[in-house]
Amino acid sequence: QLSRLLEKKRQLSREVLMPSTTPGDEAELFRDTVNGDTLKDGVAKLGSEADSLDEVDRMTPYQFENWVLRRFATQGWHVNRTPMTRDGGADGVLTDLCGNNAIVQVKHRTSGAKCGDEPINDLINARKRFEMPTARLYAVTNARSYTASALERAARHGIITIAKSGLMRLPRT
């Protein structure tokens, strides 16, 4: 019973979140996003563990998104990566074995600057778009911190913020 329900949820999420492709492209899309193959530029493996925060900072935004999503996958979440464009404010939609959902928005910053309200606003919109009013929301950045307004807005909406110092402990419960 539970396995049928989970499979039905997975199928629904695939239908909603997967961009249209030509036959056979699904395997390549999965390999290039979450599965763990080397990225095209060869800089880092998807899901490989960075040994330091400096390595995280050297990742491209796309590599960082994949690294974050892979960290959630290793914690038991089923990860559905959203399309690169028109992602509805989410880089990943997650489901656990109990059917709980989470939405993740990742922002990579090349400087040590603070992260502003953008990921918070994206997550609020994603919760509505994906019709997941009870989903746990995660804003993740490699910036040293979030601005005061972003933290205040995140607290008001129950969004878990993870900045640079929390990356190696990701995800938090």
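Taking 4.5 Å as the limit, some side-chain heavy atom of Arg153 sits within range of a side-chain heavy atom of Asn121. Side chains of Val106 and Thr141 form no contact here, defined as non-hydrogen atoms less than 4.5 Å apart.
Partners of Asp117 by salt bridge (Lys or Arg N to Asp or Glu O under 4.0 Å), not counting sequence neighbours: none found.
Contact detail for Gln105 and Ala90: the closest heavy-atom pair is NE2-N, 3.5 Å. Of all heavy-atom pairs spanning Cys115 and Ala143, the tightest one is N-CB, 3.8 Å. Looking at every heavy atom in both residues, Gly92 comes nearest to Thr82 through N-OG1, 4.2 Å. The two residues Thr147 and Lys114 have their closest heavy-atom pair at CG2-CB, 4.0 Å. Here the closest heavy-atom approach between residue His108 and residue Met59 is recorded as NE2-O, 3.0 Å. Across every non-hydrogen atom of Val93 and Met132, the tightest pair is CG1-CE, 3.4 Å.
Between the CG atom in Asn80 and the CZ atom in Phe130 there is a gap of 9.5 Å [rounded to 0.5 Å]. Atom CD1 of Ile160 is separated from atom CG of Leu137 by 8.0 Å, given to the nearest 0.5 angstrom. Note: Gln63 CD to Arg58 CZ = 11.0 Å, rounded to the nearest 0.5 Å. Here the OH-CH2 distance, from Tyr138 to Trp77, works out to 5.5 Å after rounding to the nearest 0.5 Å. Taking CG of Leu123 as the reference point, atom CD1 of Ile103 lies at 7.0 Å (rounded to 0.5 Å).
Under the 4.5 Å side-chain heavy-atom criterion for Ile, Leu, Val, Met, Phe, Trp and Tyr, Leu94 and Leu167 are members of the same hydrophobic cluster. Met168 is not connected to Tyr146 by any chain of hydrophobic side-chain contacts under 4.5 Å among Ile, Leu, Val, Met, Phe, Trp and Tyr, and they are in different clusters. In terms of hydrophobic clustering, with Ile, Leu, Val, Met, Phe, Trp and Tyr side chains grouped at heavy-atom distances under 4.5 Å, Leu151 and Ile159 are assigned to different clusters.
One finds no salt bridge joining Glu65 and Arg71 here, because no Lys/Arg side-chain nitrogen approaches an Asp/Glu carboxylate oxygen to under 4.0 Å. With respect to the salt-bridge test (charged N to carboxylate O, under 4.0 angstrom), the residues Lys107 and Asp122 qualify.
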Can Asp57 and Lys164 be said to form a side-chain contact (heavy atoms from CB on, under 4.5 Å), step by step? CA-CA 9 Å; Asp57 287 340; Lys164 190 172 201 160; 2.4 Å; yes
Verify side-chain contact (heavy atoms from CB on, under 4.5 Å) between Arg81 and Leu69, making sure each step is shown before the conclusion. CA-CA 8 Å; Arg81 192 178 200 319; Leu69 293 175; 3.8 Å; yes
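Residue Val68 is tested with Ile162, Val140, Val56 for a side chain to side chain contact (heavy atoms under 4.5 Å, CB included); the sole match is Val140.
At distances below 3.5 Å, not a single donor-acceptor pair connects side-chain atoms of Arg136 with backbone N or O atoms of Asn101.
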